[in-house]
Number of protein chains: 2
Amino acid sequence: MLEHFHEISSETPVDKIIRQIRDLITSSQLNSGDRLPPERKLADRLGVSRTHVRGAIRKLEFYGILKTVPQSGTLVSGIGITALEGLITDVIKLEKSDFTSLVETRVILETHGAKLAAQRRTPEDIAEIKKALVAYEQQVIKGNSAVEEDLMFHLKIAEASKNTVLKSLMLIITPDIINNFIQFKVCDDQTNKEVFKDHQAILQCIIEGDGAGASKVMEEHLKDVVDFSQSVIALIT
Amino acid sequence: MLEHFHEISSETPVDKIIRQIRDLITSSQLNSGDRLPPERKLADRLGVSRTHVRGAIRKLEFYGILKTVPQSGTLVSGIGITALEGLITDVIKLEKSDFTSLVETRVILETHGAKLAAQRRTPEDIAEIKKALVAYEQQVIKGNSAVEEDLMFHLKIAEASKNTVLKSLMLIITPDIINNFIQFKVCDDQTNKEVFKDHQAILQCIIEGDGAGASKVMEEHLKDVVDFSQSVIALIT
DNA sequence: TTCAATAAATTGGTTAACCAAAATTATGGA
DNA sequence: TCCATAATTTTGGTTAACCAATTTATTGAA
């Protein structure tokens, strides 16, 4: 019975257009470096409204694939067609991501972030991280979940790393991390106290400028989360 | 004379609105979990058109900060206000990034990507990577720059890592990397041949399942780019 | 024939009106 | 008084028309 149902087409008009723009590129009707057809023509040809075309352009622009010049036209980025094809295919399905990959990537970013933070932190950075730690402690004392305060501590470390790209990537995956935290209820009272101790240890390493130590403690700190993700996967499988 | 000129206000209406929405949150007129005022009210209150409000919402939605439900309303994500404040401030200035951070982060992502690829690659992955390598070789023989083919090789490795998030983050920074490549003309004939040998060595490690080796060779491979970035910085400073 | 001035067409940016689904309120029968 | 139902309002989604800057075509005098 159930197998007769089809997956509902949740693909938005915008995604459809992105797909079609890719086809234009694939069929060499649209080459790297030259101009996209005007929005009106595109809308007309694809049989959709201009609003949706604009939406698609905004999204591709966000990824650096397109570049629009007011009152002039939309240019296909200098990036080569070969790479473009691969890129656009993924932009569409980029939004959703699996838990394991998320955690794995987080560990990678955070261990390096902690290391760099220890090497480059200023007194101001230390003050900010301390502030975040105190805010977390207060929430834990009140018995609250404090997921945001937890993450804020980590974000402040990313900020102290002085690597803007690393911080940006952290910001991008942060909402997903929080959602997973809430969904799987990773945190309870006991965990929170351990987390606090871990955080203290990490901060200490950063203050001392001990990059290797900060990286190591951070990795151990996140190991619990990794283990948890493994157990969840095992449960599902 | 020159100091009398002001920096032109290149802040788009959308960015202005994002800033104002943050203010709404900061002043606790808008709390985590509850609904954003309807688009019309917001547009009215901020004195802008609904289109711009929608643009701002799309952008914040992209970052997981907002979530719109058709015919119902736009919800502020479960993420706490504390973190939200920090996040939104950065969303605005997220787009631009510095070269050093970019390269540094790339090395981090790629070394881990290569390691995971060596551990998890399927025969299909190897075939894909080989194909990218051949495409690169052909461009080099022709004497072309082959920046895209180079990047494509790296993207295929990211794909073989089976870590969707890592690959996504690679995709996000790829356009910036390409732009910097073109801007600084990192590549010439001699470099290209060395790059090809490096790529071959990396592929060999991946085929053999040698994670540590793949990671190491990848790091050395990217070291040249790192050095180059350092020299550029030194030149500017 | 050449080229500057001007008019027309084209561009992305913006606005306001309309649509259908959902939430809310009003209504009336039990 | 209560609750199911219908009318109304409110919501985000969509469309089409308008705007100003730019580019292209036209025109006419040198």
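Letters go in sequence order (proteins before strands), and every chain restarts at 1. Heavy-atom basis, side chains included; hydrogens, waters and symmetry copies ignored.
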**OP:** Applying side chain to side chain contact (heavy atoms under 4.5 Å, CB included), run through A:S161 and A:H112 and close with a yes or a no.
**Re:** CA-CA 9 Å; A:S161 79; A:H112 286 86; over 6 Å; no
Original post:
Base, sugar-phosphate, or nothing: which does B:S72 touch, judged by heavy atoms less than 4.0 Å apart?
Top reply: sugar-phosphate
Subject >> d(CZ, B:R50; C1', C:dA17) in whole Å >> reply: 10 Å
**OP:** Would you indicate, yes or no, if C:dG13 has its OP1 or OP2 atom less than 4.0 angstrom from a side-chain nitrogen or oxygen of A:R40?
**Re:** no
**OP:** Specify the separation, in whole Å, of atom CG of A:L75 and atom P of D:dT22.
**Re:** 15 Å
Subject >> NZ/NE/NH1/NH2 to OD/OE distance under 4.0 Å, A:R120 and B:E104 >> reply: yes
Subject >> Nearest-nucleotide comparison on DNA chain D, the residue closer to the 5′ end among A:V48 and A:P70 >> reply: A:V48
Original post:
Where each residue is assigned the nucleotide of DNA chain C containing its nearest heavy atom, which of A:T74 and A:T51 is assigned the position nearer the 5′ end?
Top reply: A:T74
**OP:** State which of C:dT11, D:dG13, C:dG12 makes the closest approach to the side chain of A:R35.
**Re:** C:dT11
Subject >> Gap between atoms CG and C1', on B:L42 and D:dT10 respectively (whole Å) >> reply: 15 Å
**OP:** Specify the closest pair of heavy atoms between A:A132 and A:F153, including all atoms of both residues, with the distance to one decimal.
**Re:** CB-CA, 3.9 Å
Original post:
Between B:I57 (CD1) and D:dT11 (C1'), how many Å, whole number?
Top reply: 12 Å
Subject >> Identified salt bridge (charged side-chain N to carboxylate O under 4.0 Å, His left out) counterpart of B:D125 within the set B:K167, B:K156, B:K162 >> reply: B:K162
Original post:
Any side-chain N or O of A:R54 under 4.0 Å from OP1/OP2 of D:dT14?
Top reply: no
Original post:
What residue among B:N163, B:L109, B:I177 forms side-chain contact (heavy atoms from CB on, under 4.5 Å) with B:M170?
Top reply: B:L109
Original post:
OP1 or OP2 of C:dG13 sitting under 4.0 Å from any side-chain N/O of B:H52?
Top reply: no
Subject >> Length of the line joining B:D15:CG and C:dG13:P, which is rounded to integer Å >> reply: 14 Å
Original post:
Atom NZ of B:K67 to atom P of D:dT11: distance rounded to whole Å?
Top reply: 20 Å
Subject >> Euclidean distance, atom CD of residue A:Q71 to atom C1' of C:dG12 [Å, nearest integer] >> reply: 5 Å
**OP:** Can you tell me the distance, in whole Å, between the CG atom of B:D44 and the P atom of C:dA16?
**Re:** 11 Å
